[in-house]
Amino acid sequence: MGDHYPYRIATRSGDLTVIWRPGEGDAPDELLVDDLGGLLVFRDIETLRDHCDRNGRQLVWEGEGTLDLAAVRRWVEHPGPDPGPVPAGLLLEAWNFFEDLARSVQAGPPLPTQGPVNDSAYEKVFGGDTLEPAADEEALTDEETAAVRELLRAGLDLWEDAVRRSGAG
C-alpha cells in the first residue's frame with residue numbers, strides 16, 4: 001500500500017492537511033482522493049487520524065511537510081519589481097505540489113501547458129537562487145517569471161476548487 005504522509009497546507013484562511021503518497025518506481029507522486037475523485041482535505045489532525053484508522057492507512061509523521069500557499073499567493077498576485085521575499089524552494093515546492101494535485105483530482109481547472117520556457121524556469125528555480133538580486137544569468141527572465149506566475153496562479157485556482165469540492169472550504 002506504500003507510505004502516506006500528512007502534508008500541511010498553510011493558507012490565508014487557515015491550515016489544511018492532505019495526504020501525500022510518493023510514487024513507487026517511475027510512478028508519479030499523488031495526493032489521496034475519495035471514491036469520486038475529490039481531494040481528501042482535513043481541517044484537524046484528529047479527523048485525519050480517524051480517517052486513516054478507518055481506511056487502514058498508516059501515516060508517516062516524521063518530517064511532516066508544510067507548504068505556505070499564502071506566501072506563494074503574495075508572490076503571484078504582486079508582480080512588481082519587489083513582491084517581497086520568497087525563497088525559490090517554496091516556488092519549486094508549490095510547482096511540484098500543483099502538478100501532483102492536477103494528476104490526482106478528477107475535476108477542476110487545468111494547469112497551463114508547459115513548454116521550453118517552463119522547462120528553463122524550472123531548472124533555474126531548482127537551482128535555488130534565481131530570485132536573488134545577484135543571480136545574474138541564473139535569474140528568471142521576464143518571460144520565465146510570467147510563465148511561473150501563470151502556472152502557480154492556475155495551481156492556486158485548482159487548489160481552491162479542490163478544497164471547495166471537498167467540503168473543507
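FYI, side chains are in, hydrogens and waters are out, and symmetry mates aren't considered; it's all heavy atoms of this structure. We count residues from 1, following the sequence as given.
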Inset, instruction - Only counting residues at least two apart or in another chain, list the ones meeting side chain to side chain donor-acceptor pair (under 3.5 Å) with Thr113. - result: none

Legend entry - Asp29 side chain vs Gly23 backbone, donor-acceptor pair below 3.5 Å: yes

Legend entry - For the student: nearest non-hydrogen atoms of Arg21 and Glu24, plus distance: NH2-OE2, 3.2 Å

Legend entry - Nearest-0.5 Å distance, CZ of residue Arg73 to NE2 of residue His78: 10.0 Å

Legend entry - Val60 versus Pro6, closest heavy-atom pair with distance: O-CD, 3.1 Å

Inset, instruction - Work out which heavy atom in Ser104 is nearest to a heavy atom in Val33; give both atom names and the distance. - result: O-CG1, 3.4 Å

For residues 86-93, dump all side-chain donor-acceptor pairs below 3.5 Å to protein atoms at least two apart in sequence or in another chain.
unit_1 : atom_1 : unit_2 : atom_2 : d
Glu93  : OE2    : Tyr7   : OH     : 2.4

Legend entry - NZ or CZ of Arg49 within 45° of Trp61 ring axis and under 6.0 Å: yes

Legend entry - Residue of the set Val72, Asp157, Leu111 for which side chain to side chain contact (heavy atoms under 4.5 Å, CB included) holds with Leu152: Val72

Legend entry - Reported OG1-to-CH2 distance for the pair Thr11 and Trp159, which is rounded to 0.5 angstrom: 7.5 Å

Legend entry - Closest non-hydrogen atom pair, His51 against Arg57: NE2-NH1, 3.0 Å

Legend entry - Pro110 versus Ala154, closest heavy-atom pair with distance: O-CB, 4.1 Å

Legend entry - Heavy-atom pair with the smallest gap, counting every atom of Arg103 and Pro28: NE-CB, 3.2 Å

Legend entry - same_hphob_cluster(Phe98, Val117) at 4.5 Å side-chain heavy-atom cutoff: no

Legend entry - Side chains of Lys124 and Thr141 in contact at under 4.5 Å (non-hydrogen atoms): yes

Inset, instruction - Can you measure from CG (Leu151) to CH2 (Trp95) and round to the nearest 0.5 angstrom? - result: 6.0 Å

Inset, instruction - With the side chain counted from C-beta on, respond yes when Leu59 and Leu48 share a heavy-atom pair under 4.5 Å apart, and no when they do not. - result: yes

Legend entry - Cys52 side chain reached by Ile19 side chain, heavy atoms, under 4.5 Å: yes

Inset, instruction - Look up atom CH2 in Trp75 and atom CZ in Arg153, then write down how far apart they are to the nearest 0.5 Å. - result: 9.0 Å

Inset, instruction - Calculate, to the nearest 0.5 Å, the distance between atoms CG and CG belonging to Leu40 and Leu32 respectively. - result: 6.0 Å

Inset, instruction - To the nearest 0.5 Å, tell me how far Asp44 CG sits from Asp50 CG. - result: 8.5 Å

